[in-house]
Amino acid sequence: MSTLWNAYEAAAATGGALCARGDLGGNDEILPEESWIASGLSIDTRTIRKGDIFVALKAARDGHDFVRNAFKAGASAALVSRAPEDTPDGAPLLLVQDTQKGLEALAAAARDRCFGKLIGVTGSAGKTSTKEMLRTMLMGQGKVHAAEKSYNNHWGVPLTLAALQPDTDFGVFEIGMNHAGEITPLTSLVRPHVAIVTTVAAAHLEFFDSVAGIAEAKAEIILGLRKGGTAVLPLDNEHFAILAKQVSDINQYGREIKTITFGRAEGADLRMLDYTATTQGRGTITAAIFGERRSFTIGLAGEHQAMNALAALGAVKAAGGDLALAMEAIAGHRPVGGRGKPLDLKLDGKSVTLLDESYNANPASMAAAIHVLASWQGAQKIAVLGEMRELGDNGPMLHAGLGPLLAKAGVTRVFAAGTLMKPMFDGLPGAMQGKWAETAADLVDNVAADAEDGAVIMAKGSNASRVSAFVEALTERAGGVHQE
Ligand SMILES: CC(=O)N[C@H]1[C@@H](OP(=O)(O)OP(=O)(O)OC[C@H]2O[C@@H](n3ccc(=O)[nH]c3=O)[C@H](O)[C@@H]2O)O[C@H](CO)[C@@H](O)[C@@H]1O[C@H](C)C(=O)N[C@@H](C)C(=O)N[C@H](CCC(=O)N[C@@H](CCC[C@@H](N)C(=O)O)C(=O)O)C(=O)O
Ligand SMILES: Nc1ncnc2c1ncn2[C@@H]1O[C@H](COP(=O)(O)OP(=O)(O)OP(=O)(O)O)[C@@H](O)[C@H]1O
Ligand SMILES: C[C@@H](N)C(=O)N[C@H](C)C(=O)O
């Protein structure tokens, strides 16, 4: 077990009091310094690991109600704003006024004591994919620390940062938002050397007046860059100028931020010259990378993922990593669950491929996933679509826009779920209509009956639309993922 925090350091970082409950007739007692050491952090007792500090956050429920469970599961200490009555006698507590602020203070202290290169990733789509590519690209080049899952908000970012070991060479942080102003405090906490904006598109539009407003909010990541840092920006994006302006604006204050661009447009530092989908779920990129023509394979499908790879390579270069090693590593990279992972299923005796895109959806990522479906080899191409949420008044129009896209891509059959998808489904040519249902899980039997041997099924929707339930049910019906 390698030490992440000892009691003394954690108390100094948070300004909290080291104490335990109960051994002197219910009085809290100060424990001696360094009486505990922690190897990690957790905000959830359902996934806590032995040796973690449990941080009792307040959300819909109060994390203090789970402190006892945390110690049962092997927590080394708990960061609390009160000592719950059922805390085991003598269990070490770090008492602060506010546990969210305590977590942020630990994060800030972890940042201060690490001299590795830190990379922040934001964008309307592709944050998790790019973060995971960076993990793969940098793994052979030093000690890498990267966010778990999509930990990208006011809980996920400080949690990831507070778990940063001092001897880390490369830290990769995902930074998300669905409202203006949310990225500024997170990027200020991370203070990255490199900031990537993968793309700007109509995601979470419900909370913005326009996509330009989303670009301004994404540009906030640049504000946290360290002096002399690098912004890695999408040159093809129609809102590139807003991102670039943020760099020039802050450079007026002597910040010396450099820009690296990626895209297909002439002048991009990492310029895509050709992308070819090769074997199932893989592609070949030919690109001019800082002026040198290079070809390499990527273990993910779709030009959008190839663009994410170029952005990641730009960040590797800016962070002082080795580009050749990074390009080599990305050939073996595979997609993350829910973000395009291909699952081979034996469905009622038929071999089908399920492309699991169920983690999220917005118009840009829907279009990208439909392109991947179109390029996948297979005579029958089935789309199972749940709603794209958080699009506000634009929702009906943006859902309707999917019909022509699906037809143009040559999708054979469409199954759709949710009210927003109904008009789009009703407008499809009869031969393309599979079935519409209230929920995606209701479509399992119909999709299974419709799928032919060799079919490829792409399932996508916003996380909240629960297309993941369809993926789980179809996989279960097939008796699990088929292994050759
Ligand atoms: C607070 C928390 O950790 N919630 C997670 C929890 O949800 P639950 O409903 O159980 O929380 P409670 O309110 O009931 O509990 C309070 C605390 O008690 C803990 N606890 C509870 C029960 C128990 O038995 N033991 C316990 O210890 C509990 O963990 C709380 O600390 O569990 C859910 C299931 O695992 C989690 O899904 C939930 O996580 C929430 C959603 C979360 O935000 N987690 C972050 C670590 C994170 O970064 N998650 C990312 C996804 C982030 C995201 O959606 N980002 C948006 C952009 C950000 C927008 C921002 N404005 C915002 O609204 O957040 C994006 O578009 O990308 C991830 O999960 O990958
Ligand atoms: N650069 C991109 N442009 C368009 N779509 C993309 C891009 N990168 C990924 N996608 C699509 O978006 C989906 C989600 O990818 P990913 O999880 O990497 O994005 P994210 O920004 O982390 O999402 P979230 O905001 O939910 O955390 C993928 O399954 C894919 O369909
Ligand atoms: C799951 C969360 N990170 C997200 O991106 N939500 C949007 C609304 C979605 O699921 O598409």
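As the structure lists them, so they are numbered: ligands from 1, and atoms in each ligand from 1.
For ligand 2, the polar-atom distance check finds no N/O of Thr199 at less than 3.5 Å from any of the ligand's N/O atoms. When only interatomic distances are considered, the shortest N/O to N/O separation between Asp44 and ligand 1 falls below 3.5 Å. The N/O atoms of Arg61, backbone and side chain alike, include one that comes under 3.5 Å of an N/O atom in ligand 1. In terms of polar-atom proximity, Thr198 is not counted as a contact of ligand 2, lacking any N or O under 3.5 Å from an N or O of the ligand. Among the atoms of Gln305, none of the N or O lies under 3.5 angstrom from an N or O of ligand 2. In terms of N/O distances under 3.5 Å, ligand 1 is approached by Ala60. Every N/O-N/O distance between Lys149 and ligand 1 stays at or above 3.5 Å. Not one N or O of Lys127 is nearer than 3.5 Å to an N or O of ligand 1, by distance alone.
Put simply, part of Tyr359 is less than 4.0 Å from ligand 1, judged by heavy atoms. Under a 4.0 angstrom heavy-atom cut-off, Asn152 registers as being in contact with ligand 2. Taking 4.0 Å as the cut-off, Leu159 does not count as a neighbour of ligand 1 on heavy-atom distance.
The CG atom of Leu225 sits 6.0 Å away from atom OG1 of Thr187, with the distance rounded to the nearest 0.5 Å. The distance from the OG1 atom of Thr87 to the NE2 atom of His64 is 9.0 Å, given to the nearest 0.5 Å.
Every atom of ligand 2 is numbered from 1 in the order shown, and the set under 4.0 Å from a heavy atom of Arg339 is 14 (C), 15 (O), 16 (P), 17 (O), 29 (O). Of all atoms in ligand 2, numbered sequentially from 1 with element shown, those under 4.0 Å from a heavy atom of Glu174 are 22 (O), 27 (O). Heavy-atom contacts of Ala368 reach the following atoms of ligand 2: 5 (N) (cutoff under 4.0 Å). Proximity to Trp155 (heavy-atom distance under 4.0 Å) selects the following atoms of ligand 1: 1 (C), 42 (C), 43 (O). Close approach of ligand 1 to Phe54 (heavy-atom distance below 4.0 Å) involves ligand atoms 27 (O). Remark: ligand 1 atoms within the under-4.0 Å shell around heavy atoms of Asn178 are 59 (C), 60 (C), 61 (N). Atoms of ligand 2 lying under 4.0 Å from any heavy atom of Lys460, numbered from 1 in the order shown and given with element: 13 (C), 29 (O), 31 (O). Numbered from 1 in the order shown, with element, the atoms of ligand 1 that lie under 4.0 Å from a heavy atom of Thr45 read 23 (C), 24 (O), 25 (N), 26 (C), 27 (O).
Residue Ser150 touches ligand 2 through its side chain alone, judged by heavy-atom distances below 4.0 Å. Heavy atoms of His204 found under 4.0 angstrom from ligand 1 belong exclusively to the side chain. By the criterion of a heavy-atom distance under 4.0 Å, the side chain of Phe66, and not its backbone, is placed next to ligand 1. If you look at Val55 next to ligand 1, there are no close heavy atoms at all, none under 4.0 Å. For Glu182, every heavy-atom contact with ligand 1 shorter than 4.0 Å involves the side chain, none the backbone. Neither the backbone nor the side chain of Thr130 comes within contact range of ligand 2; no heavy atom lies under 4.0 Å. Neither the backbone nor the side chain of Lys131 has a heavy atom within less than 4.0 Å of ligand 2.
If you check the side chains of Asn237 and His239, you find no donor sitting under 3.5 Å from an acceptor. One side chain, Thr128 or Ser150, offers a donor N or O that lies under 3.5 Å from an acceptor on the other. If you check the side chains of Thr286 and Ser295, you find a donor sitting under 3.5 Å from an acceptor. Counted by atom type alone, Ser465 and Asn463 present zero donor-acceptor pairs between their side chains at under 3.5 Å.
Selection from Glu357, His371, Met366 by nearest heavy atom to atom 28 (C) of ligand 2 gives Glu357. Remark: among candidates Thr47, Asn152, Ile43, Asp62, the nearest residue to atom 53 (C) of ligand 1 is Asn152, based on non-hydrogen atoms. With distances taken over non-hydrogen atoms, the option nearest atom 33 (C) of ligand 1 out of Glu174, Glu148, His154, Arg46 is Arg46. The nearest non-hydrogen atom to atom 13 (C) of ligand 2, considering only Asn360, Asn237, Asn308, comes from Asn360. Counting heavy atoms only, His304 comes closest to atom 6 (C) of ligand 2 of the residues His304, Glu132, Met307.
Under a cutoff of 6.0 Å and an axis angle of 45°, Lys131 and Phe173 do not form a cation-pi pair.
In this structure, Asp356 has no salt bridge (charged side-chain N to carboxylate O under 4.0 Å, His left out) partners at least two apart in sequence or on a different chain. Listed by chain and number, the residues in a ring pair (Phe, Tyr, Trp, His ring centres under 6.0 Å) with Phe207 are His179 (sequence neighbours excluded).
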Under the salt bridge (Lys or Arg N to Asp or Glu O under 4.0 Å) rule, what do Arg49 and Glu148 come out as? Steps first, then yes or no, please.
-> CA-CA 14 Å; Arg49 289 152 300 206; Glu148 275 182 43; 3.5 Å; yes
Run the numbers on Glu104 and Lys101 for salt bridge (Lys or Arg N to Asp or Glu O under 4.0 Å), then give the verdict.
-> CA-CA 5 Å; Glu104 289 163 7; Lys101 291 205 167 71; over 6 Å; no
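A donor-acceptor contact shorter than 3.5 Å is absent between the side chain of Glu174 and the backbone of Val121. Side chain of Trp5 to backbone of Ala162: a donor-acceptor contact under 3.5 angstrom is found. Using a distance-only test at 3.5 Å, with no hydrogens or angles considered, a donor-acceptor pair links the side chain of Lys127 to the main chain of Gly123. Side-chain atoms of Glu220 come within 3.5 Å of backbone N or O of Thr184 as a donor-acceptor pair. Between the side chain of His145 and the backbone N or O of Thr160 there is at least one donor-acceptor pair closer than 3.5 Å. Side-chain N or O atoms of Arg339 include none that pairs as donor or acceptor with a backbone N or O of Ser129 at under 3.5 Å.
Taking 4.5 Å as the limit, every side-chain heavy atom of Asn152 sits out of range of all side-chain heavy atoms of Ile175.
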